[in-house]
> 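What follows is a structure written as structure tokens; I'll ask about it next.
In this text, all values refer to a predicted model and were calculated from it rather than measured experimentally. In each ligand, atom 1 is the first atom listed, and ligand 1 is the first ligand listed.
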Amino acid sequence: MTSKLSLSRRRVLQKAAAALGGGAATLLTGVPAAAQSRTASTTQTPSAAGQRFRGFVRFASSASLQELKLLPVSPLQVVVRTEAAQICYTTTAVALGTANVAQAVIPGHGGVGTVIEVGLQVKRVQVGDRVIVSGGSQCGECYNCLHGRADRCLMANGGGDPNAPIAEMRDGTKVTGFRGGCAELIVAFESYCVPVFTKVSSVELAMLHDVGMVGLAATMNVAPVEPGADVAVLGCGPLGLSAVQGARIKGAARIVAVDPIKARRELALKVGATLALDPNAEGNNLVQKIQELCAAPTDRRLAGGGYRGPDFVIEAVGGDLFPPKAEIGPDPTGLLSLQQAWQLCSPTGHLVTTSVGHPPGATISFPANQWANGSKNHHPGNVAGAQAKRDLLRYVKLIEAGRFDAKSLATATFPLERAREAFEAAAYRTTVAAVIAIA
Ligand SMILES: [Zn+2]
Ligand SMILES: [Zn+2]
């Protein structure tokens with residue numbers, strides 16, 4: 001009732017402002033009319049409901065490109081015409097059929113595109129806006145958002161049913177998949193959508209909407225890397241390579257990247273690592289080697305010496321969802337990397353863990369005295385404290401300024417017709433970042 005009344009009042013004010021011209025709008029709000037963002041969508045934008053579009057759909061035990069019909073959107077939702085979307089490794093299990101799904105679904109964690117419809121209560125996004133649809137929500141109003149942890153926004157999927165249908169197949173089968181980027185249209189809640197005003201290409205922007213944002217946040221948010229620091233990054237997928245770049249941008253002196261895949265180590269060196277190590281070649285010496293590399297040049301404690309191990313460790317390995325068709329790491333469960341990350345971190349350093357995919361119920365152990373009484377700072381969470389609405393805008397500026405090399409990370413692009421190959425390239429680690437490029 002309240003929102004209906006306030007909407008009506010807003011309509012009256014805006015109609016009056018429109019009738020009186022821009023000067024009146026300035027009087028009403030203190031902001032010139034041209035610069036005003038709409039406080040809410042006061043008129044129904046053209047509905048895209050009923051539009052036919054193609055999407056890669058996992059249904060029962062198979063996945064294929066389907067012709068779909070868009071269902072009407074709810075008041076807080078946005079419809080985006082997709083330009084590009086990066087494949088997130090986490091979504092490969094759904095897309096390629098190893099994870100159980102309750103209903104037909106468009107897999108994906110966001111994308112990049114242009115808005116073609118907004119729901120009645122949408123405030124920040126307008127039709128025609130180019131937007132990054134983030135992998136994560138930031139409503140700005142829930143308990144966690146208000147406590148600076150938008151990466152744990154409680155209003156994911158609008159706070160409602162994450163499996164609510166957004167489209168239907170020709171036979172009437174309902175299809176879900178909020179923010180699923182592997183389709184010509186994306187339906188997302190406004191809290192995931194960030195308007196961007198840039199000439200950066202969609203493929204480059206796609207390096208940011210999900211894992212790239214997390215990799216950068218891992219070096220800038222929960223444990224900001226300090227200039228001159230020593231940093232170790234375990235895992236050089238698109239997330240780890242974004243963390244390598246974040247460490248470089250923050251001014252780290254030494255950046256040690258670790259990955260079993262040669263092509264990923266080479267890319268790590270290209271985008272900012274000062275050393276790249278193969279965990280298979282290093283074996284049990286990996287921890288000690290990195291600790292020694294990141295040790296003080298003197299034992300004289302009152303001369304700044306006596307420490308050992310990197311100041312910051314970013315762990316981005318995780319369990320294998322599929323057997324890699326590239327060089328296989330020393331531990332498919334990803335647990336060894338978690339243990340090593342903890343061990344090699346300096347006694348007062350910061351450890352950011354971002355990985356997923358460990359075996360269900362798996363545990364790791366730490367020395368009790370260190371866990372209880374040590375001073376290593378552990379920052380868990382696979383979104384690394386990212387705040388999409390704030391961070392994506394500055395990450396876009398880092399691409400524009402030539403500081404974040406998104407082009408080098410986008411190692412393979414695929415048209416929508418080859419979506420399966422894109423998921424396979426990500427799942428089998430035969431490329432760094434697979435991108436669906438539609439426009
Ligand atoms: Zn993701
Ligand atoms: Zn929230």
Side-chain angles (χ1 to χ4, degrees), residues 56 58 76-77 82 84-96 99 105-112 121-124 132-160 162 177-183 186 188-194 205-218 221 235 237-243 316-322 334 353-358 381-392 395 409-410 419 422-423 425-427 429 432-436:
F56 187 74
R58 162 79 192 281
L76 287 172
Q77 288 175 342
T82 313
Q86 187 186 349
I87 306 295
C88 172
Y89 185 73
T90 311
T91 66
T92 58
V94 168
L96 299 179
V105 59
I106 301 168
H109 284 172
V112 179
Q121 292 175 19
V122 168
K123 295 176 185 171
R124 300 179 83 247
I132 297 178
V133 179
S134 164
S137 168
Q138 182 180 8
C139 76
E141 295 177 292
C142 75
Y143 184 90
N144 287 348
C145 279
L146 291 173
H147 285 76
R149 289 308 300 252
D151 56 326
R152 294 289 171 188
C153 177
L154 297 169
M155 293 300 286
N157 299 311
F178 292 124
R179 82 194 191 289
C182 294
I186 300 174
F189 283 87
E190 181 192 16
S191 60
Y192 291 79
C193 298
V194 182
L205 292 178
M207 291 302 101
L208 294 179
H209 65 76
D210 195 40
V211 293
M213 174 178 74
V214 176
L216 285 168
N221 285 13
L239 198 161
L241 290 172
S242 299
V317 179
D320 286 345
L321 301 174
F322 296 86
T353 52
T354 68
S355 64
V356 296
H358 312 104
N382 75 328
V383 192
Q387 302 199 38
K389 287 177 182 169
R390 179 195 66 183
D391 296 340
L392 284 172
Y395 297 165
L409 297 192
F423 278 106
R429 303 190 200 278
V432 172
V435 189
I436 304 283

> Between the main-chain N or O of Gln86 and the side-chain N or O of His209, is there a donor-acceptor pair closer than 3.5 Å?
yes
> Can you check whether Leu208 reaches Leu216 side chain to side chain, under 4.5 Å on heavy atoms?
yes
> Decide whether a cation-pi geometry holds between Arg429 and Tyr89; the criteria are a distance under 6.0 Å from NZ or CZ to the six-membered ring centre and an angle within 45° of the ring axis.
yes
> Are Leu409 and Ser242 packed together at the side-chain level, in the sense that at least one heavy-atom pair is separated by less than 4.5 angstrom?
yes
> If I only include protein atoms of type N, O or S, how many are less than 2.8 Å from the Zn ion (ligand 1)?
3
> Quick one: does Thr82's side chain have a donor or acceptor within less than 3.5 Å of a partner on Ala183's backbone?
yes
> Keeping Asn144 on the side-chain end and Arg152 on the backbone end, is there a donor-acceptor pair under 3.5 Å?
yes
> May I ask you to check whether Phe178 and Tyr192 place their ring centers less than 6.0 Å from one another?
no
> Hey, is the main chain of Arg124 close enough, under 3.5 Å, to the side chain of Glu190 for a donor-acceptor pair?
yes
> Is the side chain of Asn221 donor-acceptor paired with the backbone N or O of Gly385 at a distance under 3.5 Å, no angle test?
yes
> Around the Zn ion (ligand 2), list the protein N/O/S atoms within a radius below 2.8 Å, excluding water molecules.
Cys139 SG, Cys142 SG, Cys145 SG, Cys153 SG
